[in-house]
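So you know, we letter chains A, B, ... as the sequences are listed, proteins then strands, and number each from 1.
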Amino acid sequence: MSRRGLYIHVPLCRGKCLYCDFYSLAIDDTRVAQYMEALLKEIGIKGAMWGGPIDTIYFGGGTPSCLSVDKVAAILKECGRFFTWERACEVTFELNPGTTDGRYLKELHALGVTRVSVGLQTKEPHHLARLGRSHTGDDFFRLMENLRVAGFCNYSVDAMYGLPRQTLYEHLDTLRTIVAAGAPHVSVYALQVEPFTPLADLVAQGEVALPTDDLVADMMLAGGEYLEAQGFLHYEFSNFARANCQSQHNIIYWHNEEYIGLGPSAASYIGGRRSVNVPDITQYALSLNAGRLPVQTCELLTGEKAMSETIILGLRLLDEGVNRGRFSRRFGRDCVEVYSSVMAKLVGQGLLEVTEEAVRLTARAFPLANQILIKFLS
Amino acid sequence: MQDRIRNFCIIAHIDHGKSTLADRLIEFTGTMSERDMQEQVLDNMDLERERGITIKLQAVRLVYHAKDGEEYTLNLIDTPGHVDFSYEVSRSLAACEGALLVVDAVQGIEAQTLANVYLALDSNLTIIPVINKIDLSSADPERVLREIEEVIGLPTDNAILCSAKEGVGIAEILEAIVREIPPPQGDIDAPLQALIFDSHYDSYRGVISYVRVVNGSIQRGQKIRMIATAREYEVDDVGVFTPPRLPVPALTPGMVGYCIAGIKNVKDTRVGDTITGAANPAPRALPGYRKITPMVFCGLYPSENNQYEELRDALDKLKLNDSSLIYEPETSDALGFGFRCGFLGLLHMEVIQERLEREYELDLVTTAPNTLYRVLTTSNEELFIDNPAHLPPSNKIEMMYEPYVKASIIVPEEYIGTMMELCQERRGTFKNMEYLDTTRVVITYELPLSEILYDYFDQLKSRSRGYASLDYELIGYREADLVKLDVLLNGEPVDALSCIVHADRAQQKGRGLTEKLRKIIPRQMFDIPIQAAVGAKIIARETVKAMRKDVLAKCYGGDITRKRKLLEKQKEGKKRMKQVGNVEIPQEAFMAILKVDE
């Protein structure tokens, strides 16, 4: 049974991190009002088109916790007019340390938010400051305490490595802190220098020196080893979870299943079509006020392209892999047959494992995954 | 009407203002309206305009009303200034009776000017010295005139001072052309003799031959014969260059124009051949050109194998306009099917590569250039080796010889030391040094041609802050202690990376090359040893360490399209690399030897 997710992008932040290339703007009342009005319209249009049962909801950003609780309530209420979800449905909300208090979290919980994703990145204040983030280590501990009090037991913490001048020890220490705080899910990302970000400029000007490729590789491997030793399942390239704590919403992406994206720059994938909203709040609002969907790009993914994406995304799930049964039901062909020569070669090299149920990368293959994924491009 | 024709060319060093002067002459005579003039009409290849050089010779007919009240036809035949193209120069000189010698009023005579003037004097051309750029504050025409008299031995009482940029002296130049350059000789009633000095392939009309009629006449409908090939054709069209082609009823002695005769294959119109009439053929051909042999060779391969046919067609087409280009198919284990191509020099090689890539949209892999080596085997066989991979094993070689050049470097005296140092580093033998004037000298060295191929010209320029100019001519083969340097990647020899080096330099070159390759070859999924070897002996080794991390960390709903595109880009980049065994080699690796620092 294929599932469907709902993603709501909140393009507002208190400040912009130097490495961020997501669409977000500094928060102010006019923008919030403009955003809310347009978003509710978008829910109305997309709800009318694609309403029905959904399996997950995800508030991402930006910083969703910039919105007051009544705004969040209004969004969920409007969604509820078109979409239905079970009480147990995973509803995730991203927030940054230092942006919320205990009361806010309690009210979120009461609204039906079941899971929180915390953007910690690193516990070292000097690295946080260098990345342009405004919180501190203490903010994180206070947040952890408030989450527990508010009744959240399912939450995730983001950690980032490969930061300018970061040591291996500092990275592992951040992971230890997260584990000690009891987080059942950890996302660990290497810092990417995305083009057109302030960080890219700083690197180009020589103001910021990035760690060597070898140190970054050490951080990735040592971090993974540590979390696995602590009982976490390395279930996706960058994600680790305790039993049954995987992110259901993100798994929809990696299964290449359907999702409806709302808000500026959000992507939807439904009916074989991936469309992306304009990454500009003014244009977004203008379109919706004129009764049009604010689509910037749209591509139809059929046949070979859809199969290729299903493999490329599915292989990110290190434990589960690409489910052969689900693939056959969707495309009418066994993936091992479609990619027989590529797969046979990779199996021979010890980089791929093919079983009755699934196709997955071997542990050896994971660090060089791109080299393998590109072989499945159509 | 023959006595009102003047055929001339312009001899100048690069940047001395030849193209600008040509533009002014065209403008002044009203040959083209200003509106139709694109800057530098003669250089109509994009590449020529960008690099400020003339590669292909072109012809323009100017109609000039002289002060004597008569109307003259002046045919300007362009000449390339660069040393690589001396063959093209000799072609244009053969079609002329006179030459403007253009010298920069600031810089004075340069090495290439000298070489071309001597060619012109050999062809008995009347030479009119023109001192250009007199508008510049640092111009010193007096000194330059003295140089011309003392160095070339040319009288300068007829010299003209001009500024092509400002339009000064243009009228005087045109008058001097009419007055000084003799009208063409030739007999209209004699059997046809027309010199083909260039040809050009047009996809609609076939081969267009550029001709200079010496005797007789050529007109539409006439049956003609190519003396060298003995093939006969019927003339479809004859005309002149205004510069656009303008049909005329006939081309008569002294006239320069084009001839179209339904010739499909450029090989059937040899540049330098003579056209005569099929009905009343001339007993002999006009003197042709000094035949020149390409001395610089490299492998050209399509980066994707399916472009092989396209590359061959493109080479065939370029050959139509450039008879000095030679090529034959070759195969390489590393690069697949391609061509070994011969060029006049490095600039010629670069120009051809760029034209193939730009005009024919080919993506090429180029191997490092080498010269033509002469090998005497132990069984007393003589071989000419244009590809290092084909060198016989050392125990089969009795003796090796490499081509040498005599290089003339003109440079201000304060750079004498640095220039000599450079030539010594390149195995040069000092021959001579002469003062041109009180501050500039001509240094003469004998150097192996192969040493000039590797970064020599750039070094010459940078070590002299751009003041040095170079000309060279081949002086034959000399015995040399040479060895083949092989490169092994992951234990496998890569034929396209082999090069021939002097035995004393093998160690140093081997170390430099492996180090350079380590930087160029990207990390892959396993360690890649890079070894340099002479025969069975490994003389240098480096390792490209295995890649340890290549993962796109984040991939969520909003990123999927973008991340897929990143992967596609990565795959595209891999496709551009050459796969040898398990190793992926970027295209630039095949030129790495050129960048090995001494």
Visitor: So does B:R562 have more than 12 non-hydrogen atoms from other groups sitting under 6.0 Å from CZ?
Guide: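 Atom CZ in B:R562 is crowded, with more than 12 foreign heavy atoms closer than 6.0 Å.
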
Visitor: Which one of A:D218, A:N277, A:N256 has the most heavy-atom pairs closer than 4.5 Å to chain B?
Guide: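 Option with the top pair count is A:D218.
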
Visitor: So for A:L368, is it side chain, backbone, both, or neither that comes closer than 4.5 Å to the heavy atoms of chain B?
Guide: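 For A:L368, heavy atoms of backbone and side chain both lie under 4.5 Å from chain B.
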
Visitor: Would you compute the distance between atom OH of A:Y269 and atom OG1 of B:T561 and round it to the nearest 0.5 angstrom?
Guide: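 Rounded to the nearest 0.5 Å, the OH-OG1 separation comes out at 10.0 Å.
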
Visitor: I'd like to know if B:K554 and A:D158 make a salt bridge, using a cut-off of under 4.0 Å between side-chain N and carboxylate O.
Guide: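 Here B:K554 does not pair with A:D158 in a salt bridge, since their nearest N and O are not under 4.0 Å apart.
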
Visitor: In terms of heavy-atom proximity below 4.5 Å to chain B, should A:V188 be classed as side chain, backbone, both, or neither?
Guide: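 Neither part; nothing is under 4.5 Å.
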
Visitor: Can you find a pair of side-chain heavy atoms, one from B:M525 and one from A:L351, that are under 4.5 Å apart?
Guide: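 The answer is yes; the side chains approach within 4.5 Å.
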
Visitor: With only heavy atoms counted, which part of A:I252 is less than 4.5 Å from chain B, the side chain, the backbone, both or neither?
Guide: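 Nothing of A:I252, per the 4.5 Å heavy-atom cut-off to chain B.
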
Visitor: Report which part of A:A190 has an atom under 4.5 Å of a heavy atom belonging to chain B: side chain, backbone, both, or neither.
Guide: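 It is both, since atoms from each part get that close.
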
Visitor: In Å, rounded to the nearest 0.5 Å, how long is the span from CD1 of B:I560 to CH2 of A:W254?
Guide: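 Separation between the atoms: 10.0 Å.
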
Visitor: Could you report the tightest heavy-atom contact between B:G557 and A:A267, atom names first, then the distance?
Guide: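 Residues B:G557 and A:A267, closest heavy atoms: O-CB, 3.8 Å.
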
Visitor: For a 4.5 angstrom cut-off between non-hydrogen side-chain atoms, does B:Q524 reach A:Q371?
Guide: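 No. Closest side-chain heavy atoms not under 4.5 Å.
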
Visitor: CD of A:E304: more than 12 outside heavy atoms within 6.0 angstrom?
Guide: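 No.
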
Visitor: Side chain, backbone, both or neither: which part of A:Y161 has a non-hydrogen atom closer than 4.5 Å to chain B?
Guide: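 Contact with chain B involves the side chain of A:Y161 alone.
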
Visitor: Should we say atom OH of B:Y467 is surrounded by more than 12 heavy atoms from elsewhere, each under 6.0 Å from it?
Guide: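 No - once you tally the heavy atoms of other residues, nucleotides and ligands closer than 6.0 Å, there are 12 at most.
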
Visitor: Tell me, side chain or backbone of A:Y7 under 4.5 Å from chain B's heavy atoms, or both, or neither?
Guide: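 Neither part.
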
Visitor: What's the verdict on side chain to side chain contact (heavy atoms under 4.5 Å, CB included) for A:D214 and B:K545, showing C-alpha distance, side-chain angles and the deciding distance?
Guide: CA-CA 10 Å; A:D214 279 315; B:K545 300 297 276 176; over 6 Å; no

Visitor: Could you walk me through whether A:D213 and B:K549 pass the side chain to side chain contact (heavy atoms under 4.5 Å, CB included) test, one step at a time?
Guide: CA-CA 8 Å; A:D213 290 351; B:K549 173 178 179 291; over 6 Å; no

Visitor: Strictly less than 4.5 Å between heavy atoms, which residues of residues 563-582 of chain B line up against chain A? Please order them by number.
Guide: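 Residues B:R564, B:L567, B:E568, B:Q570, B:K571, B:K574 are the ones that qualify, each having a heavy atom under 4.5 Å from chain A.
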
Visitor: I need the minimum non-hydrogen distance between A:A369 and B:V551, along with the two atoms involved.
Guide: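 The pair with the smallest heavy-atom distance is N-CG2, 4.3 Å.
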
Visitor: Say you draw a straight line from OH of B:Y556 to CG of A:N239; how long is it, rounded to the nearest 0.5 Å?
Guide: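 Answer rounded to 0.5 Å: 4.0 Å.
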
Visitor: Look at atom OH of B:Y308 and say whether more than 12 heavy atoms of other residues, nucleotides or ligands are closer to it than 6.0 Å.
Guide: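 Enclosed: over 12 neighbouring heavy atoms sit under 6.0 Å from OH of B:Y308.
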
Visitor: Can you establish whether the number of heavy atoms outside A:Y189 located under 6.0 Å from its atom OH is more than 12?
Guide: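 Check passes, neighbour count above 12.
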
Visitor: Within the 4.5 Å heavy-atom criterion, are B:D550 and A:P367 side-chain neighbours or not?
Guide: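 SC-SC contact between B:D550 and A:P367 ruled out.
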
Visitor: Among A:K375, A:M220, A:R316, which residue has the highest count of heavy-atom pairs closer than 4.5 Å to chain B?
Guide: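 Among the listed options, the one with the most contacts to chain B is A:R316.
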
Visitor: Is chain B contacted by the side chain of A:Y58, its backbone, both, or neither, given a heavy-atom distance below 4.5 Å?
Guide: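 Neither part.
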
